[in-house]
Amino acid sequence: FSKMVDPELEGPVLKVNEQKIFVRGGNWITTDQFLRFATDAQRYYTEVAYHVDMGLDMLRVWGGGIAERDAFFDACDEMGVLVW
């Protein structure tokens, strides 16, 4: 994964394995700041699926919250969602 400025587009371009990709992404803020549902893998799967259903293929994890649990990353991996 790398980020560069494309001189033709005059904007940012993301590359994965040296291939330019078009990304439709969103911001992920933790599903439950109080960790009541942090062990519920199905909840993570369902919420990541909402983003996939909206056509997003990348989620930026907000840096001001908690570090997400493995279940979040497992759901993203299973559904092909890039995490930044």
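These values consider heavy atoms only, across backbone and side chains, with no hydrogens, waters or symmetry-generated copies.
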*Asks:* Measuring only between side-chain heavy atoms, which start at C-beta, is Leu59 closer than 4.5 Å to Cys76?
*Replies:*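 SC-SC contact between Leu59 and Cys76 confirmed.
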*Asks:* Checking side chain to side chain contact (heavy atoms under 4.5 Å, CB included) for the pair Gln42/Thr46: CA distance, chi angles, key distance, verdict?
*Replies:* CA-CA 6 Å; Gln42 183 60 48; Thr46 300; 3.1 Å; yes
*Asks:* Give a yes or no on whether the backbone of Glu8 and the side-chain of Asp6 come within a donor-acceptor separation of less than 3.5 Å.
*Replies:*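 Looks like yes, one N/O pair under 3.5 Å.
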*Asks:* Does a side-chain heavy-atom distance below 4.5 Å link Phe72 with Val48?
*Replies:*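 They are in contact (side-chain heavy atoms under 4.5 Å apart), so the answer is yes.
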*Asks:* How long is the gap from CH2 on Trp84 to CG on Leu14, to the nearest 0.5 Å?
*Replies:*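 Reported value, rounded in 0.5 Å steps: 6.5 Å.
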*Asks:* Are the side chain of Arg24 and the backbone of Asp57 linked by a donor-acceptor contact shorter than 3.5 Å?
*Replies:*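 Checked: no pair found.
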*Asks:* Could you grab the distance from atom CG of Asn27 to atom CH2 of Trp62, nearest 0.5 Å is fine?
*Replies:*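 Reported value, rounded in 0.5 Å steps: 9.0 Å.
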*Asks:* Can you measure from CG (Leu56) to CE (Met79) and round to the nearest 0.5 angstrom?
*Replies:*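 The CG atom of Leu56 sits 12.0 Å away from the CE atom of Met79.
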*Asks:* Is there a side-chain contact between Val83 and Val61 (heavy atoms, below 4.5 Å)?
*Replies:*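 Touching, per the 4.5 Å side-chain cut-off.
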*Asks:* Considering only heavy atoms from C-beta outward, does the side chain of Val81 approach that of Val52 to under 4.5 Å?
*Replies:*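 Yes. Closest side-chain heavy atoms under 4.5 Å.
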*Asks:* May I ask you to check whether Glu68 and Trp28 show a side-chain donor-acceptor distance below 3.5 Å?
*Replies:*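 Note: Glu68 and Trp28 side chains meet the donor-acceptor criterion.
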*Asks:* Would you say the side chain of Tyr44 lies within less than 4.5 Å of the side chain of Asp40, judging by non-hydrogen atoms?
*Replies:*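 Asp40 vs Tyr44: side chains apart.
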